Amino acid sequence: MIRASVIFSAVLLSGVALVAPDLFAQQKPSAAERTEIKAVISRQIKAFRHDDAKEAFSLASPGIQQTFRTPEDFLRMVKTMYQPVYRPASVTFQELSVIEDEVMQAVQLSDSPGAIWIALYPMQRQSDGSWKTHSCQVFKAASVLT
């Protein structure tokens, strides 16, 4: 229940960010940066599809890497807890938002039975200017409506 309300709050704030972007300090990333963010997430999902733990892990932020320590542990966690991200049937990028100075990329996923999921990816800019995924929150799309 708490997780659902946190996710609903994130989605609600995402909508606020779209309506009133000047309420948030950080500007939305440029078109080139948005393209790069989508490419990072796409590459990570592709790595999951191919069980390429090293590639998927390399696209995660240093904090995520420190938490899971090895590519194999990271892949095992995704496989166990994030099945829609691990093996999506389809992937559709939604609007990118900036929420409280955090860049959030929403991605709509479907699984093989046809359920629709939303994955929220907080993205982290690295000191070299590249982008990394900094976690992922996944929930069934219908749970927002209930």
Side-chain angles (χ1 to χ4, degrees), residues 1-111 115-141 143-144:
M1 182 68 158
I2 292 173
R3 180 180 165 112
S5 65
V6 169
I7 292 168
F8 181 74
S9 296
V11 171
L12 181 62
L13 285 174
S14 177
V16 171
L18 296 174
V19 173
D22 55 331
L23 295 176
F24 302 94
Q26 183 173 335
Q27 290 183 317
K28 277 191 179 181
S30 68
E33 291 169 316
R34 289 192 306 269
T35 299
E36 182 184 349
I37 287 167
K38 289 177 184 178
V40 166
I41 294 168
S42 294
R43 285 177 46 212
Q44 192 173 57
I45 291 172
K46 181 179 179 183
F48 292 143
R49 283 181 170 153
H50 292 99
D51 289 320
D52 186 345
K54 287 182 183 179
E55 173 70 4
F57 194 65
S58 75
L59 298 165
S61 70
I64 298 299
Q65 292 179 5
Q66 184 176 12
T67 298
F68 292 99
R69 301 196 187 274
T70 70
E72 295 75 24
D73 286 346
F74 178 63
L75 183 63
R76 188 174 11 267
M77 179 276 303
V78 172
K79 185 177 183 178
T80 303
M81 299 178 68
Y82 293 89
Q83 192 65 36
V85 173
Y86 177 66
R87 290 290 193 264
S90 69
V91 177
T92 305
F93 285 87
Q94 305 296 310
E95 185 67 27
L96 180 140
S97 298
V98 177
I99 302 171
E100 295 182 6
D101 290 335
E102 188 165 41
V103 174
M104 299 283 286
Q105 176 63 62
V107 181
Q108 180 179 304
L109 308 166
S110 67
D111 59 21
I116 304 297
W117 301 81
I118 301 296
L120 294 175
Y121 283 89
M123 299 299 294
Q124 188 179 76
R125 183 186 291 281
Q126 304 306 296
S127 59
D128 66 0
S130 66
W131 290 91
K132 303 277 184 169
T133 61
H134 190 56
S135 75
C136 181
Q137 298 171 342
V138 179
F139 57 96
K140 240 180 183 176
S143 68
V144 173

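Since we're looking at a predicted model, the values are computed, not measured. Reckoned from all heavy atoms, side chains included, excluding hydrogens, waters and symmetry mates.
How far CD of Gln65 is from CG of Leu59: 9.0 Å, rounded to the nearest 0.5 Å. Taken to the nearest 0.5 Å, the CZ atom of Arg43 stands 9.0 Å off from the CD atom of Glu36. Atom-to-atom distance recorded for Asp111:CG and Ile116:CD1 is 8.0 Å, nearest 0.5 angstrom. In this structure, OG1 in Thr35 is found 10.5 Å from CZ in Phe93, a value given to the nearest 0.5 Å. One finds the CH2 atom of Trp117 at 9.5 Å from the CD atom of Gln83 (value rounded to the nearest 0.5 Å). Interatomic distance, CD of Gln44 versus SG of Cys136, reported as 8.0 Å (0.5 Å rounding).
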### Task
Determine, stepwise, if the pair Val138 / Tyr121 fulfils side-chain contact (heavy atoms from CB on, under 4.5 Å).
CA-CA 9 Å; Val138 179; Tyr121 283 89; over 6 Å; no
### Task
Just do the side-chain contact (heavy atoms from CB on, under 4.5 Å) check on Tyr86 and Leu75 with the steps written out, would you?
CA-CA 9 Å; Tyr86 177 66; Leu75 183 63; 4.0 Å; yes
### Task
Under the side-chain contact (heavy atoms from CB on, under 4.5 Å) rule, what do Ile41 and Met123 come out as? Steps first, then yes or no, please.
CA-CA 9 Å; Ile41 294 168; Met123 299 299 294; 3.9 Å; yes
### Task
Might you work through the side-chain contact (heavy atoms from CB on, under 4.5 Å) test for Phe139 and Leu120, ending with a clear yes or no?
CA-CA 9 Å; Phe139 57 96; Leu120 294 175; 4.1 Å; yes
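Panel note: side chain Arg49, backbone Pro88; a donor-acceptor pair is recorded below 3.5 Å. Within the 3.5 Å criterion, the main-chain N or O of Lys79 finds no donor-acceptor partner in the side chain of Arg87. In terms of modelled atom types and a separation under 3.5 Å, the side chain of Gln105 and the main chain of Gln94 share a donor-acceptor contact. The backbone N or O of Ala119 lies less than 3.5 Å from no partner atom in the side chain of Tyr82, so there is not a single donor-acceptor pair. The closest donor-acceptor contact from the side chain of Ser58 to the backbone of Glu55 lies under 3.5 Å.
Just one of Ile64, Val40, Ile37 meets the side-chain contact (heavy atoms from CB on, under 4.5 Å) condition when paired with Thr133; it is Val40. Put simply, the residue from His134, Gln126, Lys132 that forms a side-chain hydrogen bond (donor to acceptor under 3.5 Å, both in side chains) with Ser61 is His134.
In terms of heavy-atom proximity, Thr70 sits nearest to Phe57 at O-CE1, 3.7 Å. For the residue pair Ala56 and Ala47, the shortest heavy atom distance occurs at N-CB, 3.6 Å.
Here the side chains of Pro62 and Gln124 are in contact, with some heavy-atom distance below 4.5 Å. Looking at Pro29 and Val98, their side chains come closer than 4.5 Å, going by heavy atoms from C-beta outward.
The number of heavy-atom neighbours closer than 6.0 Å to CE of Met77, taken from other residues, nucleotides and ligands shown, is above 12. Residue Gln66 places its CD atom among 12 or fewer non-hydrogen atoms of other residues, nucleotides or ligands, all under 6.0 Å distant.
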